[in-house]
Amino acid sequence: MQALGVISSPAAASFALTTRQSSVLPPLSHRISQPCFPLGRGSPLVARRKLVTRSQAVAVEKEVPESERPETFLREADGAGDGSGHQPSVRARFEKMIRETQDAVCAAVEAADGGGTFKEDVWSRPGGGGGITRVLQDGAVWEKAGVNVSVVYGVMPPEAYRAARADADAKPGPVPFFAAGISSVMHPKNPFAPTLHFNYRYFETDAPKDAPGAPRQWWFGGGTDFTPAYIFEEDVVHFHSIQKQACDKFDPSFYPRFKKWCDDYFVIPHRGERRGLGGIFFDDLNDYDQEMLLGFSTECAKSVIPAYLPIIERRKDTPFTDQHKDWQQLRRGRYIEFNLVYDRGTTFGLKTGGRIESILVSLPLTARWEYNHKPEEGSEEWKLLDACINPKDWLGIN
């Protein structure tokens, strides 16, 4: 969710973290008929939603601009340890990881761009939490690149909690939650250089107010996916190989499982095609040791630079024609359709009063919609579209 606003998708880094996914998605025809509510797995809340104002949907305080980056966005109780040898909390270590990842990715992107720099906005919330939004726009290599981190404290109403837990029988009161994550989307200028999206997030709910002593719920989510306009098989194999290496360090079942999950999530049902050529994606992940999953998320975040930057270096100066650029613009149109219509993180952020500039940072500066466009069968454009309709096993492991 490119959200987290990004966090299940790239775009709403502050809110996507609250979305929940099933590892087995319903058929496309079923999903088309369902209301587009990011927390729902076939949510029954459509009629009631009209009676709920945006501010009531999820209680998250409005952001306040800040002139400097704080050392942490965490509340004091969630801080980095007490100096007595106790290990910092998972919340503190996850925030440290996403902020270090933001710094590393932005530095690598600026170096590859050779001229563009990231503009930074820092914001906080009165009750705790905040974020850092960084955007490089109209650089030498990237038309637009955004890398966001956010730490959010809020309260979910009972309806949102039931939808998130896929439990229609649950009757909790308001549920405090914590969400932290990093999300990024990068759109290069050259049509032979691929777009990249990644996000990694951590989410916790505290006990509902009317159920003191109930266990705290937590999960990790995220992924990295690859969206070229043209297929260079060596690039796709390289990208997927790096994702597999990160997964295999923790569990050899992760890559095939999360690769399929990625293919199944980034689908545009009304087109019958995927947004791109996949990667890895996971959500709701809490059926492993928490420390292991924190390490896994960290490894995945570290894999972004080696997976993506070598491809950019190979393709950023490739000569191209107006026809190539038009095709890239058409594929960006598909990217926008998915993000604004189907991505749960983006739609959740828009419906709940999230920071709009952070939520929509995933969108490219330019895109194109051409009536009834059909690439010629056998052309390079057709090969890309075919791969988006029929996901491939790029590493030959199945």
>> Measuring only between side-chain heavy atoms, which start at C-beta, is His187 closer than 4.5 Å to Leu365?
In response: no
> Are any of the side-chain nitrogens in Asp138 or Lys189 under 4.0 Å away from the carboxylate oxygens of its partner?
Replying inline: yes
> Does any non-hydrogen side-chain atom of Leu196 lie less than 4.5 Å from one of Val185?
Replying inline: no
>> Quick one, Phe220 and Val90 - any side-chain contact, counting heavy atoms below 4.5 Å?
In response: yes
>> Apply side chain to side chain contact (heavy atoms under 4.5 Å, CB included) to residues Met292 and Phe250 and explain how you reach the verdict.
In response: CA-CA 8 Å; Met292 184 268 237; Phe250 295 85; 4.0 Å; yes
> Relative to each other, are the rings of Trp327 and His373 parallel, tilted or perpendicular (30° and 60° limits)?
Replying inline: tilted
> Hey, do the aromatic rings of Phe266 and Phe281 have their centres closer than 6.0 Å?
Replying inline: yes
>> Between Tyr200 and Thr224, is the side-chain hydrogen bond (donor to acceptor under 3.5 Å, both in side chains) condition met? List the steps.
In response: CA-CA 9 Å; Tyr200 292 97; Thr224 305; 2.7 Å; yes
> Mind checking whether Trp142 and Tyr308 have parallel, tilted or perpendicular rings, split at 30° and 60°?
Replying inline: tilted
> Is it true that a side-chain atom of Ser89 and a backbone atom of Asp78 form a donor plus acceptor pair closer than 3.5 Å?
Replying inline: yes
>> For Lys325, I'd like to know if atom NZ has over 12 heavy atoms of other residues, nucleotides or ligands within 6.0 Å.
In response: yes
>> Tell me whether Glu95 contacts the main-chain N or O of Thr72 through its side chain, where contact means a donor paired with an acceptor under 3.5 Å.
In response: no
>> Donor-acceptor check, side chain of Lys249 to backbone of Glu299, threshold 3.5 angstrom: yes or no?
In response: no
> Do any N or O atoms from the side chain of Gln102 and from the backbone of Val147 form a donor-acceptor pair under 3.5 angstrom?
Replying inline: yes
> Any Lys/Arg nitrogen of Arg93 or Glu291 sitting under 4.0 Å from an Asp/Glu carboxylate oxygen of the other?
Replying inline: yes
> Going through the checks in order, is the side chain to side chain contact (heavy atoms under 4.5 Å, CB included) test met by Lys244 and Trp394?
Replying inline: CA-CA 11 Å; Lys244 184 177 185 300; Trp394 298 101; over 6 Å; no
>> Between Asp235 and Arg315, is there a side-chain heavy-atom distance shorter than 4.5 Å?
In response: yes
>> Are Asn148 and Ile182 packed together at the side-chain level, in the sense that at least one heavy-atom pair is separated by less than 4.5 angstrom?
In response: no
>> To the nearest 0.5 Å, what is the distance between CG on Leu309 and NZ on Lys316?
In response: 9.0 Å
>> Strictly below 4.0 Å, N to O, side chains only: are Asp386 and Lys392 in salt-bridge contact?
In response: yes
> Hey, are Arg332 and Thr366 close enough side-chain-wise for a donor-acceptor pair under 3.5 Å?
Replying inline: yes
> Is the shortest heavy-atom distance from the side chain of Tyr288 to the side chain of Asp251 under 4.5 Å?
Replying inline: yes
>> I'd like to check the ring pair (Phe, Tyr, Trp, His ring centres under 6.0 Å) partners of His238; sequence neighbours left out, ordered by chain and number.
In response: none
> How far apart are the C-alpha atoms of Trp369 and Ile336, what are their side-chain angles, what is the distance that settles it, and do they pass the side chain to side chain contact (heavy atoms under 4.5 Å, CB included) test?
Replying inline: CA-CA 11 Å; Trp369 285 266; Ile336 292 170; 3.7 Å; yes
> Which heavy atom of Ser297 sits nearest a heavy atom of Phe94, and at what distance?
Replying inline: CB-CE1, 4.3 Å
> So Phe282 and Phe258, would you call those rings parallel, tilted or perpendicular, with 30° and 60° as cut-offs?
Replying inline: tilted
> Given side chains that start at C-beta, do those of Gln243 and Lys259 come closer than 4.5 Å, heavy atoms only?
Replying inline: no
> Judged by modelled atom types alone, do Ser124 and Glu66 share a side-chain donor-acceptor pair under 3.5 Å?
Replying inline: yes
>> Take a 6.0 Å sphere around CG of Asp322 and say whether it holds more than 12 heavy atoms from other residues, nucleotides or ligands.
In response: no
>> Under 4.0 Å between a side-chain nitrogen and a carboxylate oxygen: does that hold for Lys260 and Asp264?
In response: yes
> If you count the non-hydrogen atoms of other residues, nucleotides and ligands that lie under 6.0 Å from NZ in Lys302, is the total more than 12?
Replying inline: no
>> Ignoring hydrogens, what is the shortest heavy-atom contact between Trp218 and Leu293? Give both atom names and the distance.
In response: CZ3-CD1, 3.9 Å
> Looking at Phe232, is Arg314 sitting on its ring face, NZ or CZ under 6.0 Å from the six-membered ring centre and within 45 degrees of the normal?
Replying inline: no
> Can any side-chain N or O of Glu381 pair as donor or acceptor with the backbone N or O of Glu376 at less than 3.5 Å?
Replying inline: no
> Between Thr346 (side chain) and Asp343 (backbone), is there a donor-acceptor pair under 3.5 Å?
Replying inline: no
>> Quick check on the 6.0 Å ring-centre criterion: do His197 and Tyr335 meet it?
In response: no
> Do you know the tightest heavy-atom contact between Phe226 and Pro194?
Replying inline: CE1-CG, 3.3 Å
>> Determine whether a donor-acceptor pair (N or O, by modelled atom type, separation under 3.5 Å) exists between the side chain of Asp113 and the backbone of Ala140.
In response: yes
> With under 30° as parallel and over 60° as perpendicular, where do the rings of Phe296 and Phe254 fit, or are they tilted in between?
Replying inline: tilted
> Under 4.5 Å between any side-chain heavy atoms of Thr133 and Glu120, yes or no?
Replying inline: no
> What is the distance from atom CG of Asp326 to atom OG1 of Thr321, rounded to the nearest 0.5 Å?
Replying inline: 8.0 Å
> Can you name the nearest heavy-atom pair linking Thr318 to Asn190, along with the distance?
Replying inline: O-ND2, 2.8 Å
>> Can you give me the closest heavy-atom contact between Arg75 and Tyr153, atom names plus distance?
In response: N-OH, 2.9 Å
>> Would you call the rings of Tyr255 and His240 parallel, tilted or perpendicular, taking 30° and 60° as the class edges?
In response: perpendicular
>> Does atom CD (Glu234) have a neighbourhood of more than 12 heavy atoms from anything else shown, all under 6.0 Å?
In response: yes
> Are Phe320 and Phe192 near enough that their ring centres are under 6.0 Å apart?
Replying inline: no
> If every non-hydrogen atom of Glu110 is compared with every non-hydrogen atom of Gly116, which pair is closest and at what distance?
Replying inline: CG-O, 3.7 Å
